[in-house]
Amino acid sequence: MPTTLTLRPPADYLLSRDVCSYGYFVLAPNLWHVPTQTLYRMLDLAGGPAAVRISPPFKPGEPRTYEPLPRGATRIEGKPAPSVRDGRGVFPHKPGAALTCRFDRTLTREEQAEARVQITRMLRLDEDADHAAGFHAVDPRWAPSGHCRLFRSPTFFEDVVKTVTSCNVAWPSTVNMNLRLCEVLGRRGAFPTPQKLARTRPGTLRARCRVGYRDRRMVELARLFCPRAGKPPEVNEAYLADQATPDDEVFKFLKTLPGIGPYAAGNIMMLLGRYSRLAIDTESIRHGKTILGMKGTDGAITKRLARHYEPFGEHRFRSYWFELWTFYEDRNQRANTWVRDEVAKAFTAAKF
DNA sequence: GGTAGACCTGGACGC
DNA sequence: GCGTCCAGGTCTACC
């Protein structure tokens with residue numbers, strides 16, 4: 001019998017808001033199903049891949065069976081998206097509602113524990129209501145909407161690779177690269193494991209996944225996540241995620257990784273739960289110019305942005321990000337109504 | 001330490 | 001339909 005797990009999120013948790021809070025929710029293998037406000041994806045577990053559907057509790061009378069997506073499907077036809085009349089407050093379920101995680105196969109006890117860890121990481125269920133209150137105390141602008149959590153991947157490796165696919169490329173290419181990585185290298189469409197990517201020939205990555213010159217860097221990066229000659233992986237996730245490790249040390253280490261520069265390192269810091277740094281890219285410059293009214297060269301605006309977000313201290317990234325995210329939502333409706341293949345083309349700096 | 005140019009892909013544009 | 005140009009962040013060579 002297929003496994004169903006119930007996860008108790010923090011009291012202020014809203015699936016539609018907290019999943020649709022960062023661009024990675026539209027990158028494969030994630031699939032946000034707009035009509036049912038449900039997240040689908042494939043998780044790679046010890047016993048093999050398992051598809052999971054994460055949703056608020058189902059109402060009495062609703063079908064209890066798992067409804068797999070057709071292979072290759074990118075969307076499901078259904079009812080129109082819920083009303084977005086809310087002006088950043090109303091969603092189709094209540095804050096703190098238990099999350100139902102339905103799998104397409106039976107999971108062993110070990111796999112259930114593994115799945116809980118991965119889903120908790122992805123949804124940031126470890127950032128409780130007190131954590132959110134800490135952010136809102138520093139930046140009260142986001143208290144009414146409750147924005148605080150930023151969606152990420154079930155594994156650190158996936159977050160790092162996704163960040164590399166977002167560098168020096170327009171958003172549609174990032175969407176495409178992730179789709180192909182999952183289709184070509186992932187088991188049943190899951191995100192490829194470090195071991196699989198480390199064994200892949202750069203030429204295959206370039207030709208079939210369209211990653212371009214990133215091919216060798218991605219293979220080298222994957223190798224750093226794999227144990228070698230009985231030694232632990234060079235990338236020590238526990239050390240990097242440990243809040244006792246200084247931000248400066250983490251940032252310095254990340255920049256030594258292949259394909260990771262200042263922007264990518266800043267972004268990965270956020271994905272590790274470290275919000276004290278910005279990740280400055282062309283979108284940041286555009287934001288500085290068009291929304292914050294900054295003038296001057298890109299270098300000058302970068303310095304002004306640093307000064308502008310200084311007052312938000314340990315929460316700089318989130319204060320910056322939700323300004324940017326609100327800008328996107330004002331022009332493209334609420335993020336929980338976005339369909340992957342449609343936003344793939346709309347979601348670029350040049351379009352705004 | 002700072003900077004110029006190469007690295008690829010895919011969208012936009014002109015013909 | 002084809003060719004050309006351009007955006008995007010990192011890396012390397014060079015000053």
Side-chain angles (χ1 to χ4, degrees), chain A residues 22-24 26-28 74 157-185 192 197 200-225 234-235 248 250-272 277-290 294 296-306 317 320-321 324-325 327-328 331-332 338-352:
Chain A
Y22 193 66
Y24 289 6
V26 295
L27 296 181
T74 54
F157 175 69
E158 184 178 330
D159 271 341
V160 173
V161 174
K162 275 184 160 55
T163 299
V164 171
T165 67
S166 74
C167 290
N168 195 30
V169 74
W171 183 250
S173 292
T174 301
V175 172
N176 198 26
M177 277 186 242
N178 279 275
L179 202 54
R180 286 173 183 257
L181 282 169
C182 295
E183 287 177 353
V184 175
L185 302 175
L197 201 49
T200 304
R201 286 188 297 120
T204 303
L205 271 181
R206 181 178 293 224
R208 299 188 63 196
C209 303
R210 314 296 293 170
V211 302
Y213 66 89
R214 300 164 193 79
D215 55 359
R216 288 188 185 282
R217 294 176 193 174
M218 288 172 73
V219 172
E220 289 170 19
L221 190 57
R223 287 180 180 154
L224 298 176
F225 278 80
E234 290 190 38
V235 175
D248 285 350
V250 175
F251 189 72
K252 195 175 170 186
F253 172 78
L254 292 174
K255 283 201 298 176
T256 68
L257 298 177
I260 307 296
Y263 159 77
N267 197 62
I268 295 169
M269 295 279 284
M270 174 279 288
L271 295 164
L272 282 165
R277 287 175 185 267
L278 300 174
I280 303 289
D281 62 0
T282 50
E283 274 293 86
S284 320
I285 302 298
R286 179 201 55 74
H287 183 70
K289 285 179 180 172
T290 61
M294 295 175 177
T297 63
D298 288 0
I301 289 175
T302 297
K303 287 178 182 169
R304 288 195 178 97
L305 285 168
F317 191 105
Y320 155 71
W321 183 256
L324 203 63
W325 201 244
F327 174 80
Y328 294 151
R331 281 154 183 76
N332 297 286
W338 297 353
V339 175
R340 179 167 70 193
D341 291 0
E342 292 171 9
V343 295
K345 291 188 177 177
F347 210 80
T348 73
K351 296 279 185 183
F352 290 111

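This is a predicted model, so every value here is computed, not measured. In what follows, every chain begins at residue 1, and chains take the letters A, B, ... in the order their sequences are listed.
- Residues that satisfy the salt bridge (Lys or Arg N to Asp or Glu O under 4.0 Å) test with A/K289, not counting sequence neighbours, are A/D298.
- Applying the ring-ring contact (aromatic ring centres under 6.0 Å, His included) rule to A/F251 yields no partners; only residues at least two apart in sequence or on another chain are considered.
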Output one line per pair: protein atom, nucleotide atom from nucleotides 5-10 of chain B, and distance, for all N/O pairs under 3.5 Å.
| from | atom 1 | to | atom 2 | distance (Å) |
| --- | --- | --- | --- | --- |
| B/dC8 | OP1 | A/R206 | NH1 | 2.9 |
| B/dC8 | OP1 | A/R206 | NH2 | 2.5 |
| B/dC8 | O5' | A/R206 | NH1 | 3.4 |
| B/dG10 | OP1 | A/N176 | ND2 | 3.0 |
| B/dG10 | OP2 | A/R210 | NE | 3.4 |
| B/dG10 | OP2 | A/R210 | NH2 | 3.0 |

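- With sequence neighbours excluded, the residues forming a side-chain contact (heavy atoms from CB on, under 4.5 Å) with A/V26 are A/W171, A/R340, A/V343, listed by chain and number.
- Of the inter-residue distances, the one linking A/L257 atom CG with A/I268 atom CD1 reads 7.0 Å to the nearest 0.5 angstrom.
- In this structure, the side-chain contact (heavy atoms from CB on, under 4.5 Å) partners of A/T290, at least two apart in sequence or on a different chain, are A/R286.
- Every side-chain contact (heavy atoms from CB on, under 4.5 Å) that A/V219 has, sequence neighbours left out, goes to A/P202, A/L205, A/R223.
- Nucleotide C/dG9 holds its P atom 17 Å from the CE atom of A/M218, rounded to whole Å.
- Taking A/R180 as the reference, A/N176 meet the side chain to side chain donor-acceptor pair (under 3.5 Å) condition, with sequence neighbours excluded.
- Scored by the side chain to side chain donor-acceptor pair (under 3.5 Å) test, A/T163 finds A/Y24, A/N267 as partners (sequence neighbours excluded).
- Contact check of residues 254-270 of chain A against DNA chain B (heavy atom, cut-off under 4.0 Å) returns no residues at all.
- Residues meeting the side-chain contact (heavy atoms from CB on, under 4.5 Å) test with A/S284, sequence neighbours left out: A/I280, A/D281, A/L305, A/Y320.
- Where the helix from B/dG1-C/dC15 to B/dC15-C/dG1 starts and where it ends, the local axes point in directions that differ by 30°; five pairs per end, rounded to 10°.
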Would you tabulate the side-chain donor-acceptor contacts of residues 259-266 of chain A under 3.5 Å, counting partners in other chains and residues two or more places apart, or write 'none'?
none

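- Atom CG of A/D281 and atom P of C/dT10 are 9 Å apart (whole Å).
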